[in-house]
Engineer: 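Sharing a structure with you now.
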2 protein chains.
Amino acid sequence: MIDHSNRGSGSVTRERILEIAEQLFHERGYGATGVATVLRAAGVRSGSLYHFFRGKEALLLGVLARHLALLRIRVFEPVERATDDPLERVFALLQLYMRNLESSGFTLGCLVGNLALEVADTIPTARVPIDRYFDTWSGEVQRWLEAAGGRLPADADRPALARTVLAVMEGGVMQARAHRELRPFAAAVGQLRSYLESLEARARRERTESGQSPSGEGRRPDPTRRGINGSAWRTW
Amino acid sequence: MIDHSNRGSGSVTRERILEIAEQLFHERGYGATGVATVLRAAGVRSGSLYHFFRGKEALLLGVLARHLALLRIRVFEPVERATDDPLERVFALLQLYMRNLESSGFTLGCLVGNLALEVADTIPTARVPIDRYFDTWSGEVQRWLEAAGGRLPADADRPALARTVLAVMEGGVMQARAHRELRPFAAAVGQLRSYLESLEARARRERTESGQSPSGEGRRPDPTRRGINGSAWRTW
DNA sequence: TCTTTAGTTGATCAATCATTCAACATTTTC
DNA sequence: GAAAATGTTGAATGATTGATCAACTAAAGA
């Protein structure tokens, strides 16, 4: 038996298969995309695909790995180029998804979100990279929120906030696709903005009350809460 | 050709097929559920199913119609029994989804959310009932928010807030299923609570400033904003 | 140059897919 | 109680599914 783990990682054929499969999985979903469709679109015969991937599930894992590897280049870097303001980056990120929705006629939202709901239970091995993708995505948002330092209250739960941003994105994408309109998505983003502004306002208030100078990079806040028994637990 | 529209609406067989199909679509998804699986689980032969439904897509539409019809009994009524406080009902609603996730081993989240991402593009006729389901869901939340009256600021956008609650639910369910933990969901719900509390605090402040008495049922707030050209537009 | 490894071909497979329909059974209508 | 409408049976259909593999070619290493 052939060892398929890492077969021809650099091969152009392998890359083309992954590229096409990613596109088709995003447009039609994993189950609805036949291997034959991938083969036809990639201009490749079945033997080649099964030379690089043990089967369709392995192809899915390859697509997910590639998708995660490209997350920074495709998403974070454009957003970070768009604005230096760490809090505005949150909204530039959400706007990126809104633009992609609109320019694709509300078909292309979040591939990983689609797969999370479609295969998380039926293909257990796929759940892990999906989970890791969400971790990375919200982790970057969390870093932006932490970079905002004292602009947010010290006790504001940044990890939980980052998970909320992800929820608003996925829930917004879902509603926008169902509605074929950005409006419900934009409404949720507007409320998120209003929430962050209220947090900034509170931070300003507390800062002037205690007579502190506005520090650009605030000290790292404590991201934990105390449980009733005194133990620390993470809220996300 | 037989007219399938409304074939034997009350038939016990038809009802059993819908019940089983709903369950299987929720557990495995629409595409991954074969008609043969539905037939076996329902203890029915193919002819019966095709007597009531033109095909698999029509079965899906039947499931969606039934699911919408049961939304009040299954979701809203239990929540409204749980608490009279209109704002607490929002969180009782979210808690209902959390409980269902946990008791099903993180497999059963929101059927309509799953279907929205799986078939919204590929089965255009299904998009309409999915859309209507989201409308009804967020519409009820909106009604609760409006029932909170003056406890929320007059300018708080209740329809947009309701859409945000829906986004938090769907995004939270998605993350919880990917993580196989409630934590990310609970984190987002916690932030939503914090947001609503900040809105309540502001409403209290503005109420005392203008010297008004706290009214249980506030006058209906203006759910519109003024655009740059003076026209009103809905934000959701 | 010879050998080995990597990559490609495409016919072929069994399994599953959604769907059909003539025959039969039951219930309703008049 | 005859006729009509409604519901049920289950074998059969053709299309599509993911996957296999022996034969072949191209590239890499000695």
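Lettering of chains follows the sequences in order, A, B, ..., and the numbering in each one begins at 1.
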Engineer: Among pairs that include at least one residue of residues 107-132 of chain A, which meet salt bridge (Lys or Arg N to Asp or Glu O under 4.0 Å), considering only residues two or more places apart or in two chains?
Structural biologist: D121(A)-R177(B)

Engineer: Which residues pass the side-chain hydrogen bond (donor to acceptor under 3.5 Å, both in side chains) test with Q95(A), not counting sequence neighbours?
Structural biologist: none

Engineer: Assess whether a salt bridge exists between E22(B) and R74(B), defined as any Lys/Arg side-chain N lying under 4.0 Å from an Asp/Glu carboxylate O.
Structural biologist: yes

Engineer: For F91(B), enumerate each residue passing the ring pair (Phe, Tyr, Trp, His ring centres under 6.0 Å) test, keeping only those at least two apart in sequence or located in another chain.
Structural biologist: none

Engineer: First contact, last contact: which nucleotides of DNA chain D are these for chain A, 5' to 3', heavy-atom distance under 4.0 Å?
Structural biologist: dG18(D) to dC21(D)

Engineer: Rounded to whole angstroms, how far apart are CG on L49(B) and C1' on dT19(C)?
Structural biologist: 10 Å

Engineer: With sequence neighbours left out, what residues match F76(A) under ring pair (Phe, Tyr, Trp, His ring centres under 6.0 Å)?
Structural biologist: none

Engineer: Strictly below 4.0 Å, heavy-atom distances to any atom of DNA chain C: list the hits from residues 55-62 of chain B, or just say none.
Structural biologist: G55(B), K56(B)

Engineer: Output all residues satisfying ring pair (Phe, Tyr, Trp, His ring centres under 6.0 Å) with F106(B), sequence neighbours left out; order by chain, then residue number.
Structural biologist: none

Engineer: For residues 84-98 of chain B, which residue pairs qualify under salt bridge (Lys or Arg N to Asp or Glu O under 4.0 Å), counting only residues two or more places apart or in two chains?
Structural biologist: D84(B)-R89(B), D85(B)-R151(B), E88(B)-R193(B)

Engineer: Identify each atom pair where a protein N or O and an N or O of nucleotides 4-8 of chain C are less than 3.5 Å apart, giving names and distance.
Structural biologist:
residue : atom : partner : partner atom : Å
dG7(C)  : OP2  : H51(A)  : NE2          : 3.1
dT8(C)  : OP1  : T13(A)  : OG1          : 2.6

Engineer: T33(A) near the nucleic acid: base, sugar-phosphate alone, or nothing, with a heavy-atom cut-off under 4.0 Å?
Structural biologist: sugar-phosphate

Engineer: So, using side chain to side chain contact (heavy atoms under 4.5 Å, CB included) as the criterion, who are the partners of A32(B) when residues are at least two apart?
Structural biologist: R28(B)

Engineer: Filter on salt bridge (Lys or Arg N to Asp or Glu O under 4.0 Å), then keep only pairs touching residues 91-112 of chain B, sequence neighbours left out; what's left?
Structural biologist: none

Engineer: Taking salt bridge (Lys or Arg N to Asp or Glu O under 4.0 Å) as the definition, give me every residue that meets it alongside E15(A), ordered by chain and number, with sequence neighbours left out.
Structural biologist: R66(A)

